[in-house]
Structures are given as C-alpha cells and as structure tokens.
Amino acid sequence: MKYDLIVIGSGPGGYIAAIRAAQLGSKVAIIEKYSTLGGTCLNVGCIPSKALLDSSHHYYDAVNHFEEHGISVEKPSFDFGKMVARKANVVETTTGGIKYLMDKNNIEVYEGLGSFEDATHVKITKNDGTEEVIEGTNIIIATGSKPSSLPFITIDKERVITSTEALKLPEVPKHLLVIGGGVIGLELGSVYKRLGADVTVIEYAPTITPTMDKDVSKELTKVLKKQGMKINASHGVTSVERNGDEVVVKATNKKGEEVTFTGDYCLVSVGRRPYTEGLALEKAGVKVTERGMVEVNDHLQTNVSNIYAIGDVVRGAMLAHKAEEEGVVVAEYLAGQKPHIDYNLIPGIVYTWPEVAAVGKTEDELKEAKVDYKVGKFSMRALGRSRASGDLDGFVKVLADKNTDEVLGVHMVGARVADLIMEAAVAMEYRASAEDLARICHGHPTYSEAIKEAAKAAWDGKPLNA
C-alpha cells in the first residue's frame, strides 16, 4: 500500500497530524504498536492522571472544606478501586474517540511496531509476528517519550515505580517517596496525599518546578507544605534500595550530609527521554542528537527531506499540546501552506490544587537576556470570587517591557489558572501591552479579574483592589 503520509505513533502529535493531513486531502496511514490509540497522554499520562486528580480533589474537599460551606456529611470515605475503574473508563472513552476520528477521516490504522526499511518504506511487525511493508511519500515520526531514571535505580514496577505504575497501584501508599519535584511527581504526589498517604518529595534542584518562575515555585512549595506534603529541595539522590515492602532512598543535602528516607513506594519522576527504540532510524539515514532526540529544522524536517519528527522525540518541552501544534504545522507545510508555531507562547501547566500555569518569559530569563522589564503582581486572596469559593492561595504575575509595555510573561498560581492562562497567551500572540489587558472589562466576580489587576499593577503600579 502507498500513502501520501505515514505517521508512526498515535499520541496527541501523531493523531492530530494524521487528521489535519487527511482534512487537507492526503491519503494517510497511522501506525501504533499498542492496541489502543492516543499514546502516553491518553493512556498513561495526561488523561488518567487528571481523572485521579479530580476524584481525589472531590474527596479532599469533602473531608476538609464541606463543613465550612455548611454541608454536613457522615465521615467521608473512598473506594480506591472505583476511582481507578472510573479513570480506566475515562481513558477507554477518550481513546475510543480517537478511533472514531480515524474512521471519520478515512485514516488507515495499523497495529504493530513500525520500523524503517528505507526513507519511504515502513515495516509493521504485528503482535502475531507477521510483517507488512507500506510505502509513504512523506513520513512523520511521532513516537513520544518514556520515563527516565537514574543509572543506579532499578525500576521493579512494583515498589520502585514510574508514573505508568503510579496510575494503577493496587492500594494507596502509606508513605510515597517521590524522586523529582517536577510536574509529574507533584501531580501524582498530590493524588495520594489527598487520599491519606504521607508524601515526601526529593528534588535535586534548589526549588520544585525548577524551570518555572521562582515566585511560582516558592508559592507552590508553601501551599503544598500547608497541605502536608514534605518538600526536600537541594537533595541529590545517591541510592534507592528495596527491602521487601520497604524502599529506602539515600540522598545528600546541600550541606553534604547523608539523609535517609523510608517509604513503601518510590515514584521515580526525573523527566522523560525520547523513545526511538526499534525504529531503525539508521536504515532511513535519520540523524539523532547525543541525547537521543531526532534532529529537525524549523519546519520539523529531519536531514532526510521527506521524513519529519514532532513531539517528545524532538527538541523543546515535552507537552501534549506542543506535539499537537507541531503535528498541525507539518501537515499544513506538506500541503503547501505557511503555518507557524511560537514556542515562547506554549503554556506550561501543573494540575496540583491550586493549579500553576505560565506562558512567556520568567524573570530570570529576562534578566539573563538583559531586558528592562517591570512586574505587576496581584494576590488571589484579594478577589471576591476567591473569597466566595474559599480558594485564597496564589497570585497572578505579569512581566512587561519597561519601555514598550508589551507583555513578556505571565505566571499564575490559583484556582482554574490552567484555563485562565490562555487569556495571557492570546494577548501575547497579538503582542498586547499590560495596559491593553488592564483596560479589558472582566466579568465580576471571576478569577480572571486577577489578570486585569496584575496587568494594571505592571502598567501603572496601581491595581484597584489592592
């Protein structure tokens, strides 16, 4: 069979690329080695983790906040098995939706491991051992990433686990040790903390969420500690040993002292690595970097002109929405259009509670680039909507150019900021000024008013409600 486009991998980048290419008239095939479509995000990442985050959040509110709203219930309890079953149902519905979209757009789906025979032919090794070769004028590599580890850690998938296993544990841990204070570790740590586990985070960097603005990291540390999570920054893990049902983690703190942590589960969440195993890239002549990423140019084209790569296998943040945009860009570029993607405007989000969201530059990045900037900051606590809902933690911070007033970065901690951040992204896409944002009439009472107030603080230093 010959296709205009073959996509290897059906995650958010791959399936979106396939759909967009089909919409633009291409004959498309997609290859997925697993029995369900959707990749890491839909099966063992974004979607199942949010399902558990939402379920655990409801329980946490029932235990800790219903009473203050005048709601009396008998002592709340939870059925962890039902939570996991609900998560599985959400995943099944979502992945089933991708299969529907493939059928709707006449995209041929092949189940099996895709590997290059040469630059235009891909072999599909199916689960029953049979093989089939298909031909593509153009090919997109969208094979995603896998959890990383440290060289001395043995992941047994029982007590020493990755995010994949953390989403399907048979029980709530008594004490969950989390190596890595990034997005994945904090989100999954939050799930189990809400359900009664002790949670200890061990982070090598001086702060959790180390790539985000320092004010954000500081605020998130404060609220997670208030919720009972133990945060140990500036701790370099030196060993992880399992003894029966116990896991012992040893680390060196910033004073050079050895510290020991003991728990019944240890989640290793130290990042992710590009997944290209089994692709036989060498047969197609595709180059990869020393870190295992596929090399691409500004059009996401590899050194082989008809082969492209998107998502976690290429440079940039490993985010589902980044992969989606890249998939659209490649499909449209192949159709002769002139798409663009602004990597500076890809939002970063942490789905703890309160949520964290950011877009654009951090203060440190602006300082490093020697940009004169000004800061406007507004506390969620000052909002009527926050007082009404009881979600008082957090702030919105707007960074703007000191000379032109153009918004350069927006950083948020608070209720529903995962959704609010898009107001900032839209504003920055159109190169809005802080004054522009401040002069837009925002509904009252809403959480979004914090953006207006922070923008006014950046523009003229005079927020109205602070």
Side-chain angles (χ1 to χ4, degrees), residues 5-22 28-34 36-49 94-95 98 101-102 107 109-110 113-116 122 136 138-148 162-164 182-184 211 271-279 281 284 286-289 291-304 306-334 339-349:
L5 177 66
I6 297 172
V7 182
I8 307 175
S10 72
Y15 87 75
I16 287 292
I19 290 171
R20 187 62 181 136
V28 183
I30 193 164
I31 303 170
E32 173 54 58
K33 72 172 185 173
Y34 294 113
T36 56
L37 302 175
T40 293
C41 177
L42 273 63
N43 287 278
V44 290
C46 329
I47 300 302
S49 64
T94 308
T95 55
I98 306 306
L101 290 171
M102 296 298 101
I107 296 164
V109 177
Y110 291 89
L113 178 66
S115 60
F116 285 96
V122 178
N138 292 291
I139 299 170
I140 297 177
I141 301 166
T143 47
S145 61
K146 293 289 183 185
S148 294
T162 70
S163 57
T164 301
V183 177
I184 296 170
T211 61
R272 299 180 66 85
R273 57 181 175 81
Y275 183 68
T276 57
E277 285 90 336
L279 273 177
L281 293 175
V286 174
K287 290 181 181 177
V288 296
T289 68
R291 297 180 59 197
M293 289 182 175
V294 179
E295 288 186 3
V296 291
N297 62 17
D298 291 343
H299 298 298
L300 298 156
Q301 186 178 37
T302 70
N303 61 298
V304 181
N306 69 306
I307 300 176
Y308 296 76
I310 61 174
D312 290 3
V313 292
V314 302
R315 62 177 182 259
M318 291 185 174
L319 298 169
H321 44 285
K322 177 253 198 187
E324 288 184 1
E325 293 307 310
E326 289 179 333
V328 170
V329 163
V330 172
E332 292 181 349
Y333 180 73
L334 290 173
H340 81 282
I341 181 168
D342 186 342
Y343 286 97
N344 183 52
L345 297 185
I346 294 174
I349 302 168

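Interatomic distance, Leu101 CG to Leu37 CG, rounded to the nearest 0.5 Å: 10.0 Å. For the atom pair CG of Asn297 and CD of Gln301, the computed distance is 5.0 Å after rounding to the nearest 0.5 Å. Atom CE of Met318 is separated from atom SG of Cys41 by 14.0 Å, given to the nearest 0.5 angstrom.
Residue pairs meeting the salt bridge (Lys or Arg N to Asp or Glu O under 4.0 Å) criterion with at least one member in residues 307-319, sequence neighbours excluded: Asp298-Arg315.
No side-chain heavy atom of Glu325 sits less than 4.5 Å from a side-chain heavy atom of Leu319. Residues Ile6 and Ile140 have side chains not in contact (no heavy-atom distance under 4.5 Å, counting atoms from C-beta outward). With contacts defined as side-chain heavy-atom distances shorter than 4.5 Å, the pair Met102/Ile19 qualifies.
For Ser115, the side-chain contact (heavy atoms from CB on, under 4.5 Å) partners two or more places apart in sequence, or in a different chain, are Lys123, Ala280. With sequence neighbours left out, the side-chain contact (heavy atoms from CB on, under 4.5 Å) criterion links Tyr333 to His299, Tyr308, Pro339.
The shortest heavy-atom contact between Ile310 and Ala17 is CD1-CB, 4.3 Å. Considering every non-hydrogen atom in both Ile30 and Gly9, the closest pair reads CD1-O, 3.7 Å. Contact between Ser163 and Ile184 at its shortest, heavy atoms only, is CB-CG2, 3.7 Å. Of all non-hydrogen atoms in Pro48 and Asn43, the two that sit nearest each other are CG-O, 3.4 Å. Of all the heavy atoms in Ala142 and Val7, the pair that sits closest is CB-CG1, 4.3 Å. Here the closest non-hydrogen pair linking Val313 and Ile141 is CG2-O, 3.9 Å.
Here the side chain of Glu324 pairs no donor or acceptor atom with the backbone of Pro12 at under 3.5 angstrom. Distance alone, capped at 3.5 Å, is enough to place a donor-acceptor pair between the Arg272 side chain and the Ser145 backbone. Side chain of Thr95 to backbone of Gly38: no donor-acceptor contact under 3.5 angstrom is found. Thr143 places a side-chain N or O within 3.5 Å of a backbone atom of Tyr275 that can act as its donor or acceptor partner.
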>> Would Ile8 and Phe116 count as a side chain to side chain contact (heavy atoms under 4.5 Å, CB included) here? Give the steps.
In response: CA-CA 10 Å; Ile8 307 175; Phe116 285 96; 4.1 Å; yes
> Can you check side chain to side chain contact (heavy atoms under 4.5 Å, CB included) on Leu5 and Ile139, steps first, answer last?
Replying inline: CA-CA 6 Å; Leu5 177 66; Ile139 299 170; 5.7 Å; no
>> Test side chain to side chain contact (heavy atoms under 4.5 Å, CB included) on Arg20 and Leu334; report intermediate values, then the result.
In response: CA-CA 11 Å; Arg20 187 62 181 136; Leu334 290 173; over 6 Å; no
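Checking Glu326 against Tyr343 by side-chain atom types alone, a donor-acceptor pair falls below 3.5 Å.
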